[in-house]
Amino acid sequence: MLQKIIKQLKERGFRNTKARIALLNILRKIRLPLTEPDIRAHLAKEGIRPNKTTIYRELAKLGEHGFVREVDFGDGKKRFESEDGDHHHHLVCKGCEKVEDFSIENELTRLMQKIGGKNKFKIVDHSLEFFGFCRDCRKAEGAGKMAN
Ligand SMILES: [Zn+2]
Ligand SMILES: [Zn+2]
């Protein structure tokens with residue numbers, strides 16, 4: 001899969017630098033939205049140390065070409081994840097900040113067509129995140145209550 005992306009990048013005139021490949025590889029491996037400091041820490045583990053500006057520039061460029069997607073959890077932090085066709089959404093835990101993916105594209109497509117039609121609005125993209133508490137945090141909360 002990464003080979004395919006590398007080929008696509010080449011076709012679009014990207015030079016396949018070590019940092020660029022490592023960045024894409026990290027996003028694909030982790031499969032969850034990462035902040036720039038997260039990405040920088042992962043790159044550093046592989047001995048690659050681009051500065052903040054370079055990473056943001058790289059993410060923006062990859063984003064323009066649809067390889068990376070920016071995700072907004074409304075907490076003022078920019079997060080990025082690999083975009084490889086499996087459009088999905090997130091369950092974000094407000095307790096431990098864990099992020100889980102889920103997909104409801106069929107239902108959502110129907111809903112978007114309905115809403116778009118009703119409002120005469122051409123929907124071209126969407127972003128949907130749900131916020132709450134994960135199973136572990138709910139369990140911890142339950143245990144806390146029992147102790148009281
Ligand atoms: Zn995701
Ligand atoms: Zn949690």
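Just so you know, ligand 1 is whichever comes first in the structure, and atom 1 is the first atom listed for that ligand.
- Nearest N/O/S atom of H88 relative to the Zn ion (ligand 1): this is NE2.
- The Zn ion (ligand 1) lies under 2.8 Å from an N, O or S atom belonging to H90.
- Distances from the Zn ion (ligand 1) to each N, O or S atom of D101 single out OD1 as the nearest.
- Draw a line from the Zn ion (ligand 2) to SG of C93 and another to SG of C137, and the angle between them is 100° (to 10°).
- Put simply, the side chain of T109 gets close to the backbone of E105: a donor and an acceptor are under 3.5 Å apart.
- Of all the N, O or S atoms in E81, the one closest to the Zn ion (ligand 1) is OE1.
- Applying the side chain to side chain contact (heavy atoms under 4.5 Å, CB included) rule to N16 yields the partners I6, L9, K10, I21; only residues at least two apart in sequence or on another chain are considered.
- Taking the charged nitrogens against the carboxylate oxygens, R20 and E58 do have a contact shorter than 4.0 Å, which makes a salt bridge.
- Results of the side chain to side chain contact (heavy atoms under 4.5 Å, CB included) test with F67 over L24, L27, L59 single out L24 as the only residue that passes.
- Electrostatic pairing of R31 and E81 does not count as a salt bridge here, judged by no charged N lying under 4.0 Å from a carboxylate O.
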